[in-house]
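Step one of this worksheet: look at the structure below.
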Amino acid sequence: MFEAVQKSSLSDQVFEQLRGKILGKELGSGDELPSERELSETLGVNRGAVREAIKRLQQARLVRVRHGG
């Protein structure tokens, strides 16, 4: 009769968007992601949400993080 409501945090939405671009080949292997600052400004979210999303992408082995790059 009813279905559970899907809750989605900002970091979940950022993760899904970036993951979709990676898996959809819009971002290729070896391509650099924009900086956290650029992503947060472009997506209209705080840097913490971007940082959490990138951490999840790293755990899923979809990106490699290089500090200071």
Side-chain angles (χ1 to χ4, degrees):
M1 179 183 220
F2 292 103
E3 293 182 30
V5 176
Q6 297 294 319
K7 297 178 186 175
S8 180
S9 68
L10 288 176
S11 64
D12 289 342
Q13 293 176 51
V14 174
F15 170 79
E16 290 299 330
Q17 193 170 145
L18 292 174
R19 184 176 69 104
K21 290 193 179 299
I22 292 168
L23 296 178
K25 306 291 187 203
E26 288 181 57
L27 291 169
S29 180
D31 287 354
E32 288 188 15
L33 291 176
S35 69
E36 285 180 3
R37 177 175 286 144
E38 290 175 77
L39 282 172
S40 67
E41 290 173 0
T42 301
L43 299 173
V45 299
N46 60 55
R47 285 179 68 181
V50 171
R51 192 172 294 124
E52 178 63 30
I54 290 173
K55 187 169 143 183
R56 288 179 57 199
L57 290 168
Q58 183 181 19
Q59 291 170 342
R61 298 178 191 254
L62 293 173
V63 299
R64 188 174 342 151
V65 174
R66 198 178 66 206
H67 295 282

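The chain is numbered in sequence order, starting from 1.
Partners of Asp12 under the side-chain hydrogen bond (donor to acceptor under 3.5 Å, both in side chains) rule, at least two apart in sequence or in another chain, are Ser9, Arg56. By the side-chain contact (heavy atoms from CB on, under 4.5 Å) test, Arg61 pairs with no residue at all, sequence neighbours left out. In this structure Arg51 satisfies the side-chain contact (heavy atoms from CB on, under 4.5 Å) test together with Glu36, Arg47, sequence neighbours excluded. Taking Gln17 as the reference, nothing meets the side-chain hydrogen bond (donor to acceptor under 3.5 Å, both in side chains) condition, with sequence neighbours excluded. Not a single salt bridge (Lys or Arg N to Asp or Glu O under 4.0 Å) links Glu38 to another residue, sequence neighbours left out. Listed by chain and number, the residues in a salt bridge (Lys or Arg N to Asp or Glu O under 4.0 Å) with Lys21 are Glu26 (sequence neighbours excluded). Considering only residues two or more places apart in sequence or on other chains, Gln58 meets the side-chain contact (heavy atoms from CB on, under 4.5 Å) condition with Val63, Val65.
Taking CG from Leu23 and CD from Glu16, the interatomic distance works out to 9.5 Å, rounded to the nearest 0.5 Å. Taking CG of Leu43 as the start and CG of Leu18 as the end, the distance is 6.5 Å to the nearest 0.5 Å. Note: Leu27 CG to Leu62 CG = 11.0 Å, rounded to the nearest 0.5 Å. Here Ser11 contributes atom OG and Ile54 contributes atom CD1; the two are 11.5 Å apart, rounded to the nearest 0.5 Å.
Contact check for Val14 versus Leu39: no side-chain heavy atoms found under the 4.5 Å cut-off.
Of all the heavy atoms in Ala49 and Asn46, the pair that sits closest is N-OD1, 2.7 Å.
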